[in-house]
Amino acid sequence: MSVREFVVLGTASQVPTRHRNHNGYLLRWDGEGILFDPGEGTQRQMLRAGVAAHDINRICITHFHGDHSLGLAGVIQRINLDQVPHPVTAHYPASGQKFFDRLRYATAYRETVPLHEEPVAADGPLARGASYVLEARLLSHPVESFGYRITEPDGRRMVPELLARHGIKGPDVGRIQREGQLGGVTLDEVSEHRPGQRFAFVMDTRLCPGVDALAEGCDLLVIESTFLDEDERLATDHGHLTAGQAARVARDAGVRHLVLTHFSQRYTDPSEFERQARAAGFEGELTVAADLVRVPLPKRG
């Protein structure tokens, strides 16, 4: 049975708090795990969340600020210590290659697991998994930053009433799915269009075209909202979003479930982020992220 859920390991921005660890997020997508932006303390948060090094197939770094990448050294060494039985691929801004190299080889350890480096230099597709395409879009931050989007290809959903009408049952259902037709009946006649699920991960950025492209039509959008709306100028100056800005992006993009995260330590009332997001007009499902929560991808419509 496929599992698609988003595991939050940390939700702080530059400075962690008593209740918020530095960034860290794992997307479980069927049999794969994609780790995003492992900040300091990610290994310990993985332990608390029940996430093992064996669960990681890809690592995606949005940019090389410390709160998004300083945990990478420990995660890579843990992957090797646990002798993860599959290769791991790392995506990160190509302009930060020197930072990736320093983190990968920060201390001495024995390499036992192939780590494939696939740096990101421009917008576009990065990789194709068994049931998704991974792509990147350039964001707007003081250092080069990319957001990531995962798209499941569209498919067909079998309709029992239509199958019965054409007398197709048992092994023949699988056969028409594989071959596209059976006894003069086409697949389109017994099925309906099934849109693929869409997920996006948007961290440190101002409003920019990349944000909109990543968010468009997402079932689950994880997006930073470092500041509240009254600090919008501060957000813009430092290359960040406010709760209202993030919510308006989600509203206009038709997002089904919005997850706000990456909160400044200056705020102590998480409910204010939800209030401002609702005030901005977002009416879908909304989660103000807390450390160690799990967010399932919405069921297909």
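Given the structure is predicted, the values throughout are model-derived calculations rather than measurements. Because only heavy atoms are used, hydrogens play no part in the values below, and waters and symmetry mates are left out as well, while side chains stay in.
- Residues L35 and F64 share a hydrophobic cluster, clusters being chains of Ile/Leu/Val/Met/Phe/Trp/Tyr side chains in contact below 4.5 Å.
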**OP:** Report the C-alpha distance between E230 and Q276 in whole Å, list the side-chain angles of each, state the deciding distance to 0.1 Å, and finish with yes or no for side-chain contact (heavy atoms from CB on, under 4.5 Å).
**Re:** CA-CA 10 Å; E230 54 267 30; Q276 292 193 359; 2.9 Å; yes
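- Between H240 and H141, the ring planes lie perpendicular to each other; the angle is over 60°, past the 30° to 60° tilted range.
- For the residue pair T107/Q77, the side-chain donor-acceptor check at 3.5 Å is satisfied.
- Ring pair H68/H63 is tilted by interplanar angle, where 30° to 60° counts as tilted.
- Of all non-hydrogen atoms in P142 and G239, the two that sit nearest each other are CD-CA, 4.1 Å.
- For the atom pair NE2 of H22 and CD of Q14, the computed distance is 7.5 Å after rounding to the nearest 0.5 Å.
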**OP:** Walk me through it: do H262 and D204 pass the test side-chain hydrogen bond (donor to acceptor under 3.5 Å, both in side chains)?
**Re:** CA-CA 8 Å; H262 194 271; D204 299 16; 3.2 Å; yes
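- Using a distance-only test at 3.5 Å, with no hydrogens or angles considered, a donor-acceptor pair links the side chain of T112 to the main chain of N80.
- Residues Q245 and R248 have side chains that never bring a donor and an acceptor to within less than 3.5 angstrom of each other.
- Taking all atoms of both residues into account, the shortest heavy-atom contact from V249 to A215 is CG1-CB, 3.7 Å.
- Formation of a donor-acceptor pair under 3.5 Å by the T205 side chain with backbone atoms of S140 is found in this model.
- In this structure a side-chain-to-backbone donor-acceptor pair under 3.5 Å is missing from R58 to H91.
- Hydrophobic clustering, with ILVMFWY side chains joined whenever heavy atoms are under 4.5 angstrom apart, keeps V88 apart from V120.
- Taking the six-membered ring where the residue is Trp, F36 and F201 present parallel rings, their angle staying beneath 30° rather than reaching 60°.
- With a 4.5 Å cut-off on side-chain heavy atoms, R156 and V190 do not count as touching.
- A donor atom on one side chain and an acceptor atom on the other are not found under 3.5 Å apart for R206 and T236.
- Between F199 and Y132, the ring center distance fails the sub-6.0 Å criterion.
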Original post:
Does the side-chain contact (heavy atoms from CB on, under 4.5 Å) test come out yes or no for R266 and L234, once each step is laid out?
Top reply: CA-CA 12 Å; R266 72 187 60 219; L234 192 61; 3.6 Å; yes
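- For D123 (side chain) and L138 (main-chain N/O), a donor-acceptor pair under 3.5 Å exists by modelled atom type.
- Taking the side chain as every heavy atom from C-beta outward, T242 and D231 never approach each other to under 4.5 Å.
- Of the possible donor and acceptor atoms, one in the side chain of R198 sits under 3.5 Å from a partner among the backbone N and O of G196.
- Distance CD/E135 to OG1/T151: 5.0 Å, rounded to 0.5 Å.
- The shortest heavy-atom contact between P195 and D154 is CA-OD1, 3.5 Å.
- The same ILVMFWY cluster, assembled from side-chain heavy atoms under 4.5 Å apart, contains both L26 and V75.
- Counting non-hydrogen atoms of neighbouring residues, nucleotides and ligands closer than 6.0 angstrom, the CZ atom of R44 reaches no more than 12 such neighbours.
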Original post:
When you look at T261 and M203, which way does the side-chain contact (heavy atoms from CB on, under 4.5 Å) test go after all the steps?
Top reply: CA-CA 9 Å; T261 188; M203 283 294 114; 3.5 Å; yes
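- With hydrogens and angles disregarded, a donor-acceptor distance shorter than 3.5 Å links the side chain of R149 to the backbone of L214.
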Subject >> CA sep, side-chain torsions, deciding dist, call: T287, V8, side-chain contact (heavy atoms from CB on, under 4.5 Å) >> reply: CA-CA 11 Å; T287 297; V8 179; over 6 Å; no
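- L162 places none of its side-chain heavy atoms less than 4.5 Å from the side chain of E192.
- Counted by atom type alone, N23 and Y25 present one or more donor-acceptor pairs between their side chains at under 3.5 Å.
- Across T11 and A290, no two heavy atoms sit closer than the pair CG2-C, 3.9 Å.
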Return all side-chain donor-acceptor pairs below 3.5 angstrom for residues 164-174, not counting sequence neighbours, or 'none' if the list is empty.
none

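- The hydrophobic clustering, which links ILVMFWY residues whose side-chain heavy atoms are closer than 4.5 Å, places I56 and L9 together.
- L139 places a side-chain heavy atom less than 4.5 Å from the side chain of V202.
- Considering every non-hydrogen atom in both L286 and R278, the closest pair reads CB-NH2, 3.5 Å.
- Note: E111 CD to Y105 OH = 4.0 Å, rounded to the nearest 0.5 Å.
- From D37, atom CG reaches atom CD of E224 across 11.0 Å, with rounding to the nearest 0.5 Å.
- Taken from CG in L27 to SG in C60, the straight-line distance is 9.5 Å, to the nearest 0.5 Å.
- The main-chain N or O of A106 is never found under 3.5 Å from a side-chain atom of R102 such that the two would form a donor-acceptor pair.
- Between the E189 side chain and the T186 main chain, a donor and an acceptor come within less than 3.5 Å of each other.
- The neighbour count for R128 CZ, taken as heavy atoms of other residues, nucleotides or ligands under 6.0 Å away, does not exceed 12.
- Using a 4.5 Å cut-off on side-chain heavy atoms (C-beta onward), E144 and Y92 make no contact.
- Nearest approach of S131 to D30, heavy atoms of both residues: OG-OD2, 2.7 Å.
- Both Y109 and L72 belong to a single network of hydrophobic side chains, linked directly or stepwise wherever heavy atoms of I, L, V, M, F, W or Y lie under 4.5 Å apart.
- Within 6.0 Å of the NE2 atom in H116, the count of heavy atoms belonging to other residues, nucleotides or ligands exceeds 12.
- By the 4.5 Å heavy-atom criterion applied to side chains, H238 and T226 are not counted as neighbours.
- A 6.0 Å sphere centred on CD of E283 holds no more than 12 heavy atoms belonging to other residues, nucleotides or ligands.
- The shortest side-chain heavy-atom distance between M158 and L187 falls under the 4.5 Å cut-off.
- From E216, atom CD reaches atom CG of D252 across 9.5 Å, with rounding to the nearest 0.5 Å.
- A donor-acceptor pair is defined here as one N or O able to donate and one able to accept, closer than 3.5 Å; such a pair exists between the side chain of Q197 and the backbone of P298.
- In this structure a side-chain-to-backbone donor-acceptor pair under 3.5 Å is present from D291 to N21.
- Looking only at side-chain heavy atoms (C-beta outward), L126 and E118 stay at 4.5 Å or farther from each other.
- Comment: R4 engages E152 in a salt bridge, judged by a side-chain N to carboxylate O separation of less than 4.0 angstrom.
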